[in-house]
Asker: 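Just dropping this structure here.
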Amino acid sequence: MKKLLSVAALLTFTVSTAFAATNKECVKVDNAQIEALFDKWNASLQTGDAHKVSENYLGDAVLLPTVSNQVRLTDEERVDYFKTFLKKKPVGKINSRTIRLGCNKAIDTGTYTFTFADNTHVTARYTFTWAWNGKEWKISSHHSSAMPEG
């Protein structure tokens with residue numbers, strides 16, 4: 001009986017500890033704040049500095065970029081992509097979007113158009129998954145793909 005109580009106490013402690021570790025406080029956020037995160041990301045493109053753009057992403061974020069077949073999983077890989085992309089001097093504009101809010105996460109998905117310095121443009125579908133890292137919102141995944149129909 002004593003052994004059974006010890007096992008029960010240990011299980012209760014383990015479950016309580018696990019629950020406490022996953023029971024985090026949710027940061028309040030609204031659609032306008034998530035919309036502003038795109039504006040911040042887009043402004044970082046305007047700096048022309050690939051490192052500043054990469055600072056918007058979590059260290060282990062996934063980037064599935066518009067104009068590259070390579071999945072970018074590290075800061076180094078994201079910086080490499082943006083160094084090339086930024087040479088075109090892109091300016092992004094949201095065409096349509098849907099935002100879904102959750103506990104310390106948000107999804108912003110829709111279509112956007114990038115206009116480049118040479119007046120060419122590309123319209124793409126996008127999904128930004130945002131995560132609260134305890135201090136600020138960062139991109140945890142970003143998928144962008146050119147529209148399949150001209």
Side-chain angles (χ1 to χ4, degrees), residues 11-150:
L11 283 174
T12 301
F13 174 76
T14 303
V15 170
S16 297
T17 303
F19 179 74
T22 60
N23 188 17
K24 57 189 171 198
E25 186 176 327
C26 296
V27 173
K28 291 187 182 210
V29 66
D30 60 29
N31 284 7
Q33 290 169 293
I34 299 304
E35 290 172 6
L37 292 173
F38 172 82
D39 296 337
K40 177 185 170 195
W41 177 82
N42 194 35
S44 73
L45 296 178
Q46 309 316 300
T47 69
D49 184 340
H51 293 279
K52 289 199 183 299
V53 178
S54 189
E55 288 173 3
N56 291 289
Y57 295 79
L58 292 173
D60 64 349
V62 176
L63 171 61
L64 302 171
T66 312
V67 292
S68 171
N69 291 333
Q70 181 184 344
V71 176
R72 311 300 171 125
L73 301 173
T74 67
D75 284 325
E76 183 179 310
E77 291 171 340
R78 286 185 294 276
V79 167
D80 176 66
Y81 170 74
F82 284 114
K83 279 182 180 176
T84 302
F85 185 64
L86 293 176
K87 288 178 184 174
K88 299 177 181 191
K89 300 189 180 193
V91 177
K93 179 183 178 230
I94 299 290
N95 302 323
S96 66
R97 71 167 14 128
T98 300
I99 295 174
R100 301 280 188 244
L101 305 175
C103 180
N104 298 332
K105 62 185 174 185
I107 300 170
D108 179 358
T109 188
T111 61
Y112 52 21
T113 299
F114 286 101
T115 302
F116 304 105
D118 65 0
N119 276 337
T120 61
H121 67 275
V122 62
T123 300
R125 299 169 288 194
Y126 75 87
T127 300
F128 285 98
T129 304
W130 297 92
W132 179 254
N133 71 359
K135 297 179 195 169
E136 61 186 328
W137 290 95
K138 295 277 190 174
I139 300 166
S140 60
S141 67
H142 176 192
H143 174 234
S144 183
S145 56
M147 298 297 263
E149 300 173 11

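In this chain, numbering begins with 1 at the start of the sequence shown. Being a predicted model, the structure only gives us computed values, none of them experimental.
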Asker: Would you list the atom pairs, donor with acceptor, under 3.5 Å between side chains in residues 103-115 and any protein atom, with sequence neighbours excluded?
Answerer:
from, atom 1, to, atom 2, distance (Å)
Asn104, OD1, Val27, N, 2.7
Asn104, ND2, Glu25, O, 3.1
Asp108, OD1, Arg97, NE, 3.2
Asp108, OD1, Tyr126, OH, 2.7
Asp108, OD2, Arg97, NE, 3.4
Asp108, OD2, Arg97, NH2, 2.9
Thr109, OG1, Tyr126, O, 2.9
Thr109, OG1, Thr127, OG1, 2.9
Thr111, OG1, Ser96, OG, 3.0
Tyr112, OH, His142, NE2, 3.1
Tyr112, OH, Ser144, OG, 2.7
Thr113, OG1, Asn95, ND2, 2.8
Thr113, OG1, Thr123, OG1, 3.0

Asker: So does Lys138 have more than 12 non-hydrogen atoms from other groups sitting under 6.0 Å from NZ?
Answerer: yes

Asker: What do the steps show when you test Leu45 against Val91 for side-chain contact (heavy atoms from CB on, under 4.5 Å), and what is the final call?
Answerer: CA-CA 7 Å; Leu45 296 178; Val91 177; over 6 Å; no

Asker: Between Val29 and Trp132, is there a side-chain heavy-atom distance shorter than 4.5 Å?
Answerer: no

Asker: Nearest 0.5 angstrom please: Cys26 SG to Leu101 CG, how far?
Answerer: 11.5 Å

Asker: Could you measure the distance from the OG1 atom of Thr66 to the CZ atom of Arg125? Nearest 0.5 Å is fine.
Answerer: 10.5 Å

Asker: How many angstroms lie between atom CH2 of Trp137 and atom CG of Leu37, to the nearest 0.5 angstrom?
Answerer: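 CG of Leu37 is found 8.0 Å from CH2 of Trp137.
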
Asker: Starting at OH of Tyr57, measure out to OG of Ser140 and round the result to the nearest 0.5 Å.
Answerer: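 Rounded to the nearest 0.5 Å, the OH-OG separation comes out at 11.0 Å.
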
Asker: Taking salt bridge (Lys or Arg N to Asp or Glu O under 4.0 Å) as the definition, give me every residue that meets it alongside Asp49, ordered by chain and number, with sequence neighbours left out.
Answerer: none

Asker: Nearest 0.5 angstrom please: His143 NE2 to Phe128 CZ, how far?
Answerer: 11.5 Å

Asker: Is Arg78 reaching over with its side chain to a backbone N or O of Val53, donor-acceptor style, under 3.5 angstrom?
Answerer: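 Not a single qualifying donor-acceptor pair exists.
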
Asker: Mind checking salt bridge (Lys or Arg N to Asp or Glu O under 4.0 Å) for Arg72 and listing every partner two or more places apart, or none if nothing turns up?
Answerer: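 Salt bridge (Lys or Arg N to Asp or Glu O under 4.0 Å) list for Arg72, sorted by chain: Asp80.
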
Asker: Name the orientation class of the two ring planes belonging to Phe38 and Trp41 (parallel below 30°, tilted from 30 to 60°, perpendicular beyond 60°).
Answerer: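 Ring orientation of Phe38 relative to Trp41: tilted.
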
Asker: Mind checking the CG-OG spacing from Asp60 to Ser141? Nearest 0.5 Å is all I need.
Answerer: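 Here the interatomic distance stands at 10.5 Å.
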
Asker: When you look at Leu58 and Ile139, which way does the side-chain contact (heavy atoms from CB on, under 4.5 Å) test go after all the steps?
Answerer: CA-CA 6 Å; Leu58 292 173; Ile139 300 166; over 6 Å; no

Asker: Donor-acceptor pair, Gln46 side chain versus Pro90 backbone, under 3.5 Å?
Answerer: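 Indeed, once roles are kept as given, a pair shorter than 3.5 Å links the two residues.
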
Asker: Could you give me the CA-CA distance, side-chain angles and deciding distance for Ile34 and Asn31, then say whether side-chain contact (heavy atoms from CB on, under 4.5 Å) is met?
Answerer: CA-CA 5 Å; Ile34 299 304; Asn31 284 7; 5.8 Å; no

Asker: Just do the side-chain contact (heavy atoms from CB on, under 4.5 Å) check on Lys93 and His121 with the steps written out, would you?
Answerer: CA-CA 11 Å; Lys93 179 183 178 230; His121 67 275; over 6 Å; no

Asker: Show the nearest heavy-atom pair for residues Glu35 and Ile99, with the distance to one decimal.
Answerer: CG-CD1, 3.6 Å

